[in-house]
Each structure stands twice: as structure tokens, then as C-alpha cells.
Number of protein chains: 2
Amino acid sequence: MAAPQPARLTSPSREPEAGGRDRYFSKLVQERPDIALCRATTLVTRTLDEELAGRRLTMAQHLVLKMLSDVGPCSQQELSEQLRIDRSVMVGCIDGLEDSGLVRRERHPRDRRAYAVTLTPEAAPVLEEAEGGVPHLLDRAFGALTAAERRTLTRLMGKILDVG
Amino acid sequence: MAAPQPARLTSPSREPEAGGRDRYFSKLVQERPDIALCRATTLVTRTLDEELAGRRLTMAQHLVLKMLSDVGPCSQQELSEQLRIDRSVMVGCIDGLEDSGLVRRERHPRDRRAYAVTLTPEAAPVLEEAEGGVPHLLDRAFGALTAAERRTLTRLMGKILDVG
DNA sequence: TATTGTTATACTCTATAACTATA
DNA sequence: TATAGTTATAGAGTATAACAATA
């Protein structure tokens, strides 16, 4: 049986849409890497949001715990700079972690303007759980890419971000 | 003279930060392609916004004109689907183009629910100007990548988007 | 004078629901 | 009943400015 086709505004065309009005997106992303990048990120972000929905930490909170675990106590300013999260957003992020008992805002010993955001003992298992979920999250978001392609993607993004 | 260093919360460390509290972002994007992708897109989007600031068309309006020019009159629904722009956003996009006299909302001959969004003669030079700016725009956004790397990026984004 | 944390505001994107007119 | 266009609203993310405490 014929699949229900949406009405077409131009020639019904004998061939199966050989100009590609119904595949125009494909053409677009092949000639505009900027559009392709933005649309792909929208898709990846949606997958991430779904994946994080049932978990205890937001992505930002996860990254904060990870950085504190990796480098030790930090000021909110340092966390903001390195994680590329605005300091006005970082406030609420740390609020949530403090309410959950995962970090404490201690005073910086030599600069009383800044906090020394510090992990509590309760943070370790929560961070471990979040880290354990990362591979599955990446598999959902980048399932279409091989391991080598993911490494290539990482390298290209690194160049755009001017790191490494 | 010594550059003014921000106060550090942990060991002043003899080596130049060999754990990398000041380069943590670099470490992060190398192990998290999802974060790298999102941060790179933020950067690219900022460049695009700056580039488009002084121009007559928004990115969405540019893409609409381009698609109409490539495939002929379309319904707003078709434009929304192929350009991945929500139909509620497409309304204002077409409004702007109509106010500028670049498109007309004609009635679809066989479906009076839909419009046949149609280019006016005034559209051609405006589209041509916008298209002419694309290479420069891409050079600014992806200046860190070689031509081959841009093609690779396009291919990877295509796989994520499941096109091509 | 500059910086840290904080609050407030604004603007864009995205998502959703509802409504109308048509089919 | 389903779809096309429209409007309104709500939520994230980002950007900005201002303020108090401190340097």
C-alpha cells in the first residue's frame, strides 16, 4: 500500500523526489558544518538531558565534584573558569551540592573574599556512581560513531576550543 | 616582572601547576566528547552571532530563502521539518521576511490550510549577498580547522544526525 | 581600584499546549 | 480525526549589571 504522503506544492514528480525537498536537511548539513554542528549538539544535549533526568546530579554538579576530586578544594571562581560555567550560575550549582551535603563552603585561609569549596566524605560514592554512568551516556549520545571517530571528534573540538 | 597570579587554595607547587588546576578544562574536553561538543558549539554560535549582527538576515531567515530558492515554494511545515526549526518559531521568521518583501504567503492551490511560501524578485540579490558571506563566516568559526578537518567534522556530524 | 560571591534581569532557544480553519 | 498556521507560556542557557565584603 502507498504510504501517506504529505501534499506537495510543486510538481508531483515521477521520480521519488529527485530534487530532494524531503531530504533537504541532509543536503544542508553537508554544505554547512556550522549548522551541522549546532543541530548535532541539540540532539546530543537532548540525549544527555534524558539520561540525567533520573539521576541525583546535574551535569554541572557532576563536573564540579569531579574537578574538586581531581585537584582539591577550589574557589567558585576557579570552578567557573575551568568548567566554563558562569560564576552567577555556579552559585546555584554549589547551593544544591551543599544542600545535599556533598560539599562545604569553607573560607579560603588567605583570601576571605573566596570560599574553598571542599568535598565531604559523602561525595565520594555519589561521584563514583555518576562516573560509572558516563560510558553508557556517551554510548547513547555517540552511538553512531566508532571509538576512533569519537577520538577524532574530541581532537577537532579541542582545536576549535584551542586546548591541547 | 612576575605576572600577577591568582591566589591558590592548595600547594603553591614548585612546578608550573603540574596537576593542572589552571588547565583542567583541557583535561576535561579530552575525556568528555559530549562536554567538548557543547562548549565548542557555544563558541561557534557566539562567532556566528557576531558575524550576523550587522546583516539583514537572521540565520533562520537565510536558510529559509536558501531552501525556497533550491526547491521552490514550500509550506511552513516543510520548511520547519527540513530546517529543524520549530513551526512556532517559523511563523515569526516568515513574518520578518514578508515584512521585508522577500517572500509572499500565497495559498496552497490544493490545501487551503497551508501556505505556499514563495520568493519575490527582491529576494535573489539578498540571498546572493548572504551566501557570499558564508565562506568568511565559516573561516571565522572554523579557522582552527583545515579544509580536510572541516570535511571530517561534517561527516561525523552527519552520522550523529543520521543523514547522508 | 579590582576581585569574589551574590542577586536580578534580559534575551535566546526549545518545548508544549491550545486555538482556528481546514482536510 | 488529523494537519497547518498561530499564539502563548514555561524552561534551560547565556550575558550583563549591580552590590557587599574584601583585597
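Chain letters run A, B, ... following the sequence lines, proteins first, then strands; residues in each count from 1.
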Lys/Arg N to Asp/Glu carboxylate O, [X] vs [Y], below 4.0 Å:
| X | Y | value |
| --- | --- | --- |
| Glu31(A) | Lys27(A) | yes |
| Arg21(B) | Asp70(A) | no |
| Asp34(A) | Arg140(B) | no |
| Glu129(B) | Arg55(B) | no |
| Glu149(A) | Arg155(B) | yes |
| Arg104(B) | Glu98(B) | no |

Quick one: [X] [atom1] to [N] [atom2], roughly how many Å, whole number?
| X | N | atom1 | atom2 | answer |
| --- | --- | --- | --- | --- |
| Leu48(A) | dG13(D) | CG | C1' | 14 Å |
| Gln77(B) | dA2(D) | CD | C1' | 12 Å |
| Asp95(B) | dA8(D) | CG | P | 12 Å |
| Met90(B) | dT7(D) | CE | C1' | 16 Å |
| Ile94(B) | dT7(D) | CD1 | P | 13 Å |

Asp99(B) atom CG, over 12 foreign heavy atoms within 6.0 Å: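 It does: Asp99(B) CG has more than 12 such atoms within range.
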Check the phosphate of dA4(D) against Gln76(B), side-chain N and O only, distance under 4.0 Å to OP1 or OP2. Yes or no? no
OP1 or OP2 of dT4(C) under 4.0 Å from side-chain N/O of Arg105(A):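 For dT4(C), OP1/OP2 do not have a side-chain N/O of Arg105(A) under 4.0 Å.
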Summarise how protein sits on nucleotides 18-23 of chain C as a single string, 5' to 3': B when a protein heavy atom is under 4.0 Å from the base, S for sugar-phosphate-only contact, - for no contact. B---BS
Output yes when a side-chain donor or acceptor of Ser88(B) lies under 3.5 Å from a complementary backbone atom of Asp86(B), and no otherwise. no
Could you check whether any side-chain heavy atom of Val134(A) comes within less than 4.5 Å of a side-chain heavy atom of His62(A), counting everything from C-beta outward?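 Val134(A) vs His62(A): side chains touch.
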With side chain to side chain donor-acceptor pair (under 3.5 Å) as the test, would you mind laying out the steps for Glu78(A) and Gln82(A) before giving the verdict? CA-CA 6 Å; Glu78(A) 285 173 314; Gln82(A) 294 303 315; over 6 Å; no
For residues 50-67 of chain B, which residues have at least one heavy atom under 4.0 Å from DNA chain D?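 Residues of residues 50-67 of chain B that come under 4.0 Å of DNA chain D do not exist, since none gets that close.
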Leu138(B)-Leu145(B) co-clustered via ILVMFWY side chain contacts under 4.5 Å: yes
Strictly under 3.5 Å: I want the nitrogen or oxygen pairs between protein and nucleotides 12-15 of chain C, one per line.
from	atom 1	to	atom 2	distance (Å)
dA15(C)	OP1	Arg46(A)	NE	3.0
dA15(C)	OP1	Arg46(A)	NH2	2.7

